[in-house]
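What follows is a short report on a single structure.
For the numbers below, each heavy atom of this structure counts, side chains included, while hydrogens, waters and symmetry mates do not. Just so it is clear: chains get the letters A, B, ... in the order the sequence lines come, proteins before strands, and each one is counted from 1.
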Protein chains: 2
Amino acid sequence: MPRNPTVSNDVLLDRLTHLFRMVGYESASMARIAAATGLEKSSLYHRFPNGKQQMALEVTERVGATFANVVLAPALQHETPVAKRVETIAANLREFYKEGTMPCLLEALSVEAVNESISANLRSAAEAWIGVFAAIGVEAGMPRRRARQCAQDAVANIEGALVLARVTGDTTAFERSLKSLPNQLTSHDDQRN
Amino acid sequence: MPRNPTVSNDVLLDRLTHLFRMVGYESASMARIAAATGLEKSSLYHRFPNGKQQMALEVTERVGATFANVVLAPALQHETPVAKRVETIAANLREFYKEGTMPCLLEALSVEAVNESISANLRSAAEAWIGVFAAIGVEAGMPRRRARQCAQDAVANIEGALVLARVTGDTTAFERSLKSLPNQLTSHDDQRN
DNA sequence: GTCTATACGACGATAGAC
DNA sequence: GTCTATCGTCGTATAGAC
């Protein structure tokens with residue numbers, strides 16, 4: 001019988017996700033993970049026989065799925081006007097990144113290249129994100145090639161603003177990156193060089 | 001007498017900088033540092049009595065200085081046309097980030113918040129960067145407030161593109177972020193929302 | 001100023017009781 | 001399924017010879 005009430009798989013992964021996003025992979029020691037999740041190390045190995053790497057792998061899988069199926073999902077509601085969908089996505093991103101105060105797994109885990117599976121998950125998530133943004137641009141009338149560039153730039157904008165927020169403590173650039181999303185993704189006149 | 005030819009302080013810091021930029025702080029173990037620098041661990045402690053933290057501290061100081069005094073220095077040549085200076089800075093950034101393939105210390109070290117001095121150095125470097133970009137905007141006729149926003153956005157663009165490059169392997173967004181610098185920093189018409 | 005050798009704590013991971 | 005207790009390794013850091 002567990003001394004402490006068992007932590008559900010969902011809550012467990014939530015807490016792991018939070019920790020990995022905040023401190024990355026190497027800084028998230030088993031001791032810190034145990035403290036953050038409320039489970040002892042050996043209990044964690046029972047759930048994740050392959051240890052930390054498996055935790056990070058499952059976290060990247062789950063976050064990738066959540067990001068696609070929740071945050072970016074409004075993109076698929078083709079009955080809703082494009083502008084409206086972009087606004088909804090912006091709101092979702094604001095929430096997902098906690099107004100710019102919570103780092104992205106892409107930044108947190110990409111520096112310390114843990115293993116190829118994790119890197120592949122991060123790459124897939126990033127490319128799915130860009131793909132969704134590009135599809136919006138195409139729908140709004142952009143040529144495919146330009147839509148893809150604008151999509152990349154919009155994602156880069158958001159990611160860079162998160163870096164800036166973490167380093168300087170100023171989240172205003174993040175807020176602007178969301179505010180300018182409609183223009184970046186659907187505008188007909190070229191905003192770039 | 002040293003068995004191996006002594007490594008100069010400059011070369012030593014160059015190699016430390018490279019390693020920290022590539023793998024971050026925690027992944028840069030003393031063993032890896034020894035391998036990367038060509039010095040044994042105890043020799044490294046002779047040069048950096050406070051160990052890894054001192055190495056990271058000196059690296060952030062030096063990179064901050066280099067960035068301000070070399071990469072961004074052309075901004076101060078007021079006899080040169082603004083457009084020309086921005087182009088020179090873009091070229092310097094391209095070189096500094098090796099066409100987008102070499103990470104920025106801001107990303108590499110900001111996730112694992114090592115200590116307050118290092119964080120302060122990163123913050124200073126980022127703010128100096130934004131300050132220089134903003135000054136260029138003001139010089140080009142932007143209102144102070146808007147120049148600062150454009151400067152932040154330009155930096156965020158570059159940083160985000162570097163994240164994207166590391167995750168997806170695609171450096172085209174990085175190249176675009178440099179190409180669009182002139183427009184971002186000196187353009188009179190508002191590119192943002 | 002660099003080396004070899006070593007101390008010692010923290011790390012990821014496992015064994016076995018309940 | 002969670003716990004306590006423990007293993008071996010690798011981490012940072014130091015001692016002392018040259």
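Formation of a donor-acceptor pair under 3.5 Å by the A:S180 side chain with backbone atoms of A:N183 is not found in this model.
When the C1' atom of C:dC11 is taken as reference, atom CZ of A:R32 falls 14 Å away, rounded to whole Å. Residue A:F48 contributes atom CZ, which lies 11 Å from atom P of D:dT2 at whole-angstrom precision. Computed from coordinates, the B:E40 CD to D:dT14 P distance equals 17 Å when rounded to whole Å.
Both tests pass for B:R21 against the ring of B:F96: distance under 6.0 Å to the centre and angle within 45° of the axis.
Proximity of A:E58 to A:M55: side-chain heavy atoms (C-beta onward) are nowhere separated by under 4.5 Å. Between B:L164 and A:V155 the shortest side-chain heavy-atom distance falls below 4.5 Å.
Look at A:S42 and you won't find any side-chain N or O under 4.0 angstrom from OP1 or OP2 of D:dC3. For B:T6, no side-chain nitrogen or oxygen approaches OP1 or OP2 of C:dG1 to under 4.0 Å. Considering only side-chain N and O atoms, A:R47 lies under 4.0 angstrom from the phosphate OP1 or OP2 of D:dT2.
Shown here is A:Q53, whose CD atom has more than 12 heavy atoms of other residues, nucleotides or ligands within 6.0 Å.
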Find every protein N or O atom lying less than 3.5 Å from an N or O atom of nucleotides 10-13 of chain D, and list the pairs.
from, atom 1, to, atom 2, distance (Å)
D:dT12, OP1, B:M30, N, 3.4
D:dT12, OP1, B:K52, NZ, 3.0
D:dT12, OP2, B:M30, N, 2.6
D:dA13, OP2, B:Y45, OH, 2.8
D:dA13, O5', B:Y45, OH, 3.1
D:dA13, N6, B:K41, NZ, 3.4

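Applying the salt bridge (charged side-chain N to carboxylate O under 4.0 Å, His left out) test to pairs two or more places apart or on separate chains, none has a residue in residues 35-54 of chain A.
For A:L39, the listed nucleotide lying nearest its side chain is D:dC3; candidates were D:dC3, C:dT4, C:dT2.
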